[in-house]
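Here the structure is laid out as structure tokens; the discussion comes afterwards.
Sequence lines set the chain letters: A, B, ... in the order given, protein chains first and strands last, and positions in each chain run from 1.
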Amino acid sequence: MSVVKRVNRAIGLVPPLAIYVLAVLPPVWFLWQAQTGRLGVEPIKALEHELGELALQVLIATLAVRPVNKWTGINFLKLRRAFGVVTFFYVFLHLLVWLVLDVQFLDQIWADIVKRPYITVGMGAFALMIPLALTSNNLSLRKLGPVRWRRLHRLMYPVVLLGAIHFVMLSKGFQLEPYVYLGVILALLATRIRWAGWRAVWARPAS
Amino acid sequence: MAGRYKSDLNWSDVTPKDVWLNRRKLMAGAGAMALGSIAGPAAAGLNARKTAYGEGLELNTWDEITSYNNFYEFGTDKGDPERYAGELTTDPWNIEIGGLVDRPGSYGLEDILKDVTLEERIYRLRCVERWAMVVPWVGFELADLLDRVGVQPSAKYVAFETALRPEEMRGVRFPVIEWPYKEGLRLDEAMHPLTILATGLYDEPMPNQNGAPIRVVVPWKYGYKSIKSIVKITLVEEQPPTAWNEYSAHEYGFYSNVNPERDHPRWSQKYERRVGGGLFARQTPTAKFNGYGDEVAHLYAGMDLIVNH
């Protein structure tokens, strides 16, 4: 049996529920680190940053499922929805830390969303993820039908782009790391473009 | 000598030295202080003259002040300076003083320090990123040095430059900003008694991550104006280029006075948060001129501080 087959069999043994359970561990780990001084003397910013970066990483993993399958045959498709939901969970926690621990004041929160482009971009990404999170279940898939469901879930592409731009925009000075994320994300998005008939991607009829 | 700032504030509220020193001893025992970039607690203190600055201010701890730093020459992470600044050689150290001065030249640090009386100055430090600390600096008034080298009447500004040593500063291998780091002050700001050249904190020699061996501290401006590890001081007639202002002028002005009324384009400056308050630290309102308005507001009389931010 080939390596790919063996890997795919192993993936097949992992229930999505396991992903959800495992996904709770990193935030708990960060919170414990923050509480015990292991994230440094300014744990709020550190926690916010760790959660945001984690969200971007899982987002990239979600986006990579398709090209990985195409090029290596390794198939994570069964777990992709779980990756997506976990991304939303991390983005939500990131937002929560920003709201409750960091900014704290309601008037400041609203002012920031309206006036600060990087926050507007981040909030935009979060807002676009809400319908995706709400429809990440079999019932919604049945109700919407696979074509409409898939088209709705193409919102993932602007989400991931906004996420990367958010990171680039909030950095002070010219820093490498956010551009690495942006580069990886752009490369993954490029794999989605059907160079032969890309016009058809968005214009395809619903039925 | 520069005009001494007088106040009736009291030294008695400060965390006693043995309290934090004791903590450092414990850490040293655990091997945490083995880096050598920081003088151990056994080293002789600087015996800086106590002053009455900073009554009622609660000091940040040595660990907070030396583990959370913006010193991009060593990396952009707040912990990078503590990790990597030890690679910087700070002895011997010379400062090239030039421009519109009577006695230009390369001054050795010992030479600069032999004529000055070191004082302890407890100042608030407010970063443009919205975090704040209270630091017991040790230093002397910048005006003392400027008087010694003789500022010519045509000089209007003071320009500073940080050391640039790629082999000792791993952060400069990437162009986060244009190296070397440059800062500047208007001459009256530089001559102000609150403006000091600091060579230590907590009565210990300056840790490398905090700008050893000698740095500016201008407490009413955002932290990046307080340039670290200075190798060059030039008196000039025109407003000199400064690092962050060159990078993004609408975000980082030349003056950069702490001002809750003037937001950074990417975040509000109305509030700040003291470092060390843990996960549930509250934000507190930012004070104009970082609370030093009584001493410095007159320097900007008639100026629009939103335009001249």
Evaluate the side chain to side chain contact (heavy atoms under 4.5 Å, CB included) criterion for residues B:Ser268 and A:Arg116: first the C-alpha distance (whole Å), next the side-chain angles of each, then the deciding distance (0.1 Å), finally the verdict. CA-CA 9 Å; B:Ser268 162; A:Arg116 320 286 164 209; 3.7 Å; yes
Under 4.5 Å to a heavy atom of chain A? For B:Lys78 that would be neither
query: Would you say A:Phe92 has more than 12 foreign heavy atoms packed within less than 6.0 Å of its CZ?
result: no
Honestly, the part of B:Pro265 sitting under 4.5 Å from a heavy atom of chain A is backbone
Closest non-hydrogen atoms of A:Gln175 and B:Thr76, given as atom of the first, atom of the second and distance, are OE1-OG1, 3.1 Å
Q. For B:Glu178, does the CD atom sit with more than 12 other heavy atoms under 6.0 Å from it, leaving out its own atoms?
A. no
Applying a strict 4.5 Å limit to non-hydrogen atoms, the region of B:Arg282 in contact with chain A is both
Against chain B, residues from residues 34-51 of chain A with at least one heavy atom under 4.5 Å, in numeric order, are A:Ala34, A:Gln35, A:Val41, A:Glu42, A:Pro43, A:Ile44, A:Lys45, A:Leu47
When the 4.5 angstrom heavy-atom criterion is applied to A:Gln108 and chain B, the contacting part is side chain
Under 4.5 Å to a heavy atom of chain A? For B:Asn70 that would be side chain
Discussion item. Looking at B:Lys232, I want to see if its NZ is surrounded by more than 12 non-hydrogen atoms of other residues, nucleotides or ligands under 6.0 Å.
Written reply: no
Pair count under 4.5 Å, heavy atoms only, with chain B: among A:Leu31, A:Leu176, A:Val103, highest is A:Leu176
When the 4.5 angstrom heavy-atom criterion is applied to B:Glu129 and chain A, the contacting part is side chain
Greatest number of non-hydrogen atom pairs under 4.5 angstrom with chain A, of B:Val128, B:Asn60, B:Ile177, B:Asp263, falls to B:Asp263
Determine whether more than 12 heavy atoms belonging to other residues, nucleotides or ligands lie under 6.0 Å from atom CZ of B:Arg266. yes
Most contact-rich option vs chain A, by heavy-atom pairs under 4.5 angstrom, among B:Ser67, B:Ala243, B:Gly276, B:Pro175, is B:Pro175
Does A:Lys143 have more than 12 heavy atoms from other residues, nucleotides or ligands lying within 6.0 Å of its NZ? no
d(B:Trp267 CH2, A:Asp112 CG) to nearest 0.5 Å is 11.0 Å
In short, A:Phe174 meets B:Phe174 closest at the heavy-atom pair O-CE2, 3.2 Å
Okay, side chain of B:Arg273, backbone of A:Asp102: is any donor-acceptor separation there less than 3.5 Å? yes
May I ask you to test the B:Trp244-A:Lys172 pair for a side-chain heavy-atom distance under 4.5 Å? yes
